[in-house]
Every structure is written in structure tokens, then in C-alpha cells.
Amino acid sequence: MSKQTIRVGIIGAGGWTTYGHLPALGTLPEFDVVAVAARSEESAKKAAGKFDIPRAYADAYELIKDPGVDLVAVLTPTSQRVPLVKAAIEAGKDVYSEWPLTTRTPDSEELLALAEAKGVRHIVGLQRRQGPAARYARDLVARGYVGDVRAARISVGVDAFGPVMPEKVAWTFDVDAFTHVLSIYGGHFLDVLFQIVGPPKNLTAVVETQFPELTVAETGKTVTSAKPDQVMAIGTLENGGLFSVQLEGGQKFPTGLQIDITGTEGVLRITNDRAFQNTEDNTLHGVNTTSEDGTSLAVLPVPEKYRSLPDTSLDESVQDLAHLYAAFARDKRNGTTEATTFADAVRQHHLIDRIQQSSENFTA
């Protein structure tokens, strides 16, 4: 292990850890996963054995104190993150937290302030903007491919967060768990949209709970829930354009992702059949006044320079995560802030608060 290698300790051994983080980190020579902690010693040892991790902890705080850990990755359910992230910051460790950073905006603001005061580097898992197609779309718009942005429309449709869910995720039935269509898919994909076209200025939104009764699949138990599963919003961008948003959970036939960006000189479209566990990257189509045809959308291949990973065999959803970790490694090396940070998390918390507040005012 070279002196430059970032030694990672993982807290949490759930599905996203084993499907996403550990395979992604395993492809990057800048990182070495040296420890894992889980709720039980058995789970920690199982993950350690599968991914050849030398140390397994049943106590997350013992992992945080491990002098051989440089970066602590907190991948637990959202409601459990605050004390763990705080402990990592207080120990002087760089820290990664999954998105959402916390369940409440003030808590996320506090973690950002603590990390900045301590001088540790911090990452939040808003990795979708790191995908090759998303970064290429951002650069195309910045270079004037569509001219001045007139409108941006995003639609995200998923089968997740439907009226029947497995018992292992029944904890998400509580709206206070902050794990629903708006917080998860809204957090990730509105981050993608607004990093391409610029931030929103004003908005009006409607947030609905169309499945007010949720059922545990294994037992048939029903629970009343107020968590949102349908969101629509319209508004203006700071650059003067307009935007519209539709987020829909629990679709019987998922519609995936579609973004349309129209401008004074052209059109850009971003699509994917799925919004998560993607096997393929987003597809870009575009047309502008310099196009050979000049009348219809055509595929815009993503240049190879955007695909810089040493291993591209993993699912694209996992490669997005690898791109985020790679960006963090470059930040450590170059003193930059390419990776998404707790500041980006706080910005997303404020946006979600604005959407919720607008909906409450709309229906009042």
C-alpha cells in the first residue's frame, strides 16, 4: 500500500454497501478498504470475508478510532448518521456520508459547520452528477450547445416506494425517516438537473401522498403513512429560464429518467430506462443550429475522456459512485472540490424544504 493510498473504513454492510461502495472502491487504486463495521459481528465478518477486508468491527466507534483509517464512510440508515459523522469529524477523519446527510436540515447544517471548523474533508453521496453523460451534458450547456436556456423539464418515475414494500424497509414508512421519493430521487436527480442548467430561483410545488396506507409484503400488516410519493413543481431558473419537475414513486411500469433542455440555439435530451441500478449510462440526444441535419434529435456519443475509470465492467450506478470517489482522491491530491460535499447536501436540504413549504402553502 503506497503512502498516497486513502485507507477507508466502512460503517454499514447493507445492500448499497455490498452492491455499490465496496465494488466501486475495489476498482480504484487510490483507495484501500481496511475496516468494516456492522450492527453485528457476524455481518461485519461476512462483509470482510467476501471483500477481503482485514478488520471487522461490531462497534462503529471502534472503527472510527482505528488509527489505520483515513476516511470514514457512514452508510447506515439516515436516522443513524448524525452521531457517527460527528464522531468521525471529532476524530479528525475525513468523512463520507450517504445522501440524505441527515433527516433534518438543521442537523445537516451543524455537520457542515463542524467539518469546516475541524478542517476535515467531507463527501456526500450525490453521485449521479458524476456520471459521464451528466458531466458531458453540463459541459455542453456551459459551452452554449443549446444557447440561452429557455426551459428544463425533468421526469423521474420509479417502482420504488409503492404501496407494498418488504419488511426490511418498513422503517421508511415513517415520514420522519426522510426516505421517500422527494428526499431520495428528488435529492439525486434535482442535483443533476440544476448542476447542468443552473440553480432554481422561484418555485411552486405540489407534494402528494397517493399511497396513504402502506403494506408490509411478508406479513400483510398495514400502516398509515404521510410520506410523499408524487411531486410536481414549476419555477424559474436564476438565468431566466423556466423549469418543471415530476417525481413519481410506486409506478407499476417505471418510466425512468427523462430530461429535456431547450434553448435559443438547440435542444438536449437525457434519458434512461431506469433511475437506479442502471446497467447503461444515460443516453444523450441533441440538435442545434450547427448540426448537420439541423432538424431532428440525434445521439450524442459521450467522449472517452469522461470515462476515466480503470474498470468499466460494473453497473453504471456503481460507476457513478466510483467517479465520485475518484473525484475525492483528486481533491485530496490537488486541493480542489470536485466531489460533492456537505455544502451540496445542505443546498439539497434547503431545496426540498422549499418544495415542501410551497406545497403546504399551495394546499392551505
Side-chain angles (χ1 to χ4, degrees), residues 20 24 125-158 185-200 237 239 241-248 251 254-324 326-327 338-340 344:
L126 290 167
Q127 74 277 358
R128 302 310 295 261
R129 67 158 65 186
Q130 299 290 344
R135 286 184 284 121
Y136 184 41
R138 177 199 62 197
D139 291 348
L140 284 173
V141 171
R143 294 201 299 260
Y145 181 89
V146 302
D148 294 332
V149 174
R150 297 184 60 206
R153 296 175 289 275
I154 184 169
S155 170
V156 180
V158 298
Y185 288 94
H188 281 290
F189 285 103
L190 294 183
D191 179 66
V192 172
L193 176 68
F194 293 129
Q195 68 104 17
I196 294 173
V197 300
L237 300 168
N239 66 10
L242 305 180
F243 72 87
S244 67
V245 172
Q246 181 184 14
L247 311 170
E248 183 171 293
Q251 289 185 332
T255 53
L257 169 69
Q258 180 163 319
I259 299 174
D260 287 317
I261 301 167
T262 60
T264 55
E265 303 296 326
V267 177
L268 191 62
R269 175 169 289 170
I270 306 166
T271 60
N272 204 310
D273 289 341
R274 292 189 59 81
F276 182 55
Q277 292 186 324
N278 310 83
T279 57
E280 301 292 336
D281 192 16
N282 299 334
T283 299
L284 298 184
H285 288 79
V287 62
N288 67 9
T289 53
T290 66
S291 301
E292 286 187 24
D293 182 316
T295 60
S296 58
L297 290 165
V299 173
L300 299 177
V302 177
E304 282 303 310
K305 69 177 182 179
Y306 290 91
R307 303 185 186 279
S308 57
L309 298 177
D311 182 350
T312 57
S313 64
L314 300 173
D315 282 359
E316 288 289 341
S317 293
V318 181
Q319 290 187 50
D320 289 350
L321 189 56
H323 278 294
L324 176 56
E338 183 184 345
T340 44
D344 295 293

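Scanning both residues, Gln319 and Leu314, for their nearest heavy atoms gives NE2-O, 2.7 Å. Closest heavy-atom contact between Val156 and Ala275: CG1-CB, 4.0 Å. For the residue pair Ala152 and Leu193, the shortest heavy atom distance occurs at CB-CD1, 4.0 Å. Contact between Asp320 and Pro132 at its shortest, heavy atoms only, is OD1-CD, 4.3 Å. Shown here for Gly198 and Leu237, the closest heavy-atom pair between the two residues is O-CD2, 3.7 Å. Summarising the geometry of Gly186 relative to Leu247, their closest heavy-atom pair is CA-CD1, 3.6 Å, with the distance given to 0.1 Å.
Residues passing the ring pair (Phe, Tyr, Trp, His ring centres under 6.0 Å) test with Phe189: none are found, sequence neighbours excluded. Partners of Thr255 under the side chain to side chain contact (heavy atoms under 4.5 Å, CB included) rule, at least two apart in sequence or in another chain, are Gln251. By the side chain to side chain contact (heavy atoms under 4.5 Å, CB included) test, Ala339 is found to be paired with Ile123, Leu324, Ala327, Phe328, Asp331, residues two or more places apart in sequence or in another chain being considered. Partners of Phe276 by ring pair (Phe, Tyr, Trp, His ring centres under 6.0 Å), not counting sequence neighbours, listed by chain and number: Trp16.
Considering only heavy atoms from C-beta on, Ile270 comes within 4.5 Å of Ile196 through its side chain. Taking 4.5 Å as the limit, every side-chain heavy atom of Val158 sits out of range of all side-chain heavy atoms of Pro254. Leu300 has its side chain within reach of Leu268: a pair of non-hydrogen atoms, C-beta onward, lies under 4.5 Å apart. Side-chain atoms of Glu265 and Val146, non-hydrogen and from C-beta on, never get closer than 4.5 Å to each other.
Taking CD1 of Ile154 as the reference point, atom CD1 of Ile261 lies at 9.0 Å (rounded to 0.5 Å). Remark: Ser155 OG to Gln258 CD distance equals 7.0 Å, nearest 0.5 Å.
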| request: Could you walk me through whether Gln127 and Thr340 pass side-chain contact (heavy atoms from CB on, under 4.5 Å), step by step? | output: CA-CA 8 Å; Gln127 74 277 358; Thr340 44; over 6 Å; no
| task | Please test Arg129 against Asp344 for side-chain contact (heavy atoms from CB on, under 4.5 Å), starting from the C-alpha separation and ending with a verdict. | result | CA-CA 12 Å; Arg129 67 158 65 186; Asp344 295 293; 3.9 Å; yes
| request: Report the C-alpha separation of Ser317 and Asp315 in whole Å, then their side-chain angles, then the decisive distance to 0.1 Å, and conclude whether the side-chain hydrogen bond (donor to acceptor under 3.5 Å, both in side chains) test is met. | output: CA-CA 5 Å; Ser317 293; Asp315 282 359; over 6 Å; no
| task | Show your working on side-chain contact (heavy atoms from CB on, under 4.5 Å) between Leu126 and His188 and close with a plain yes or no. | result | CA-CA 6 Å; Leu126 290 167; His188 281 290; 3.9 Å; yes
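For Tyr145 (side chain) and Val287 (main-chain N/O), a donor-acceptor pair under 3.5 Å exists by modelled atom type.
In this structure, a donor-acceptor pair under 3.5 Å is present between the side chains of Arg128 and Asn278. The closest side-chain donor-acceptor pair between Ser291 and Asn288 falls under 3.5 angstrom.
Taking the six-membered ring where tryptophan is involved, the planes of Phe194 and Phe243 are perpendicular, since the angle between them exceeds 60° and thus also 30°.
Listed by first and then second residue, the salt bridge (Lys or Arg N to Asp or Glu O under 4.0 Å) pairs that reach into residues 267-291 are Asp260-Arg269, Asp281-Arg307, sequence neighbours excluded. A salt bridge (Lys or Arg N to Asp or Glu O under 4.0 Å) check over residues 133-156, counting only residues at least two apart or in different chains, returns nothing.
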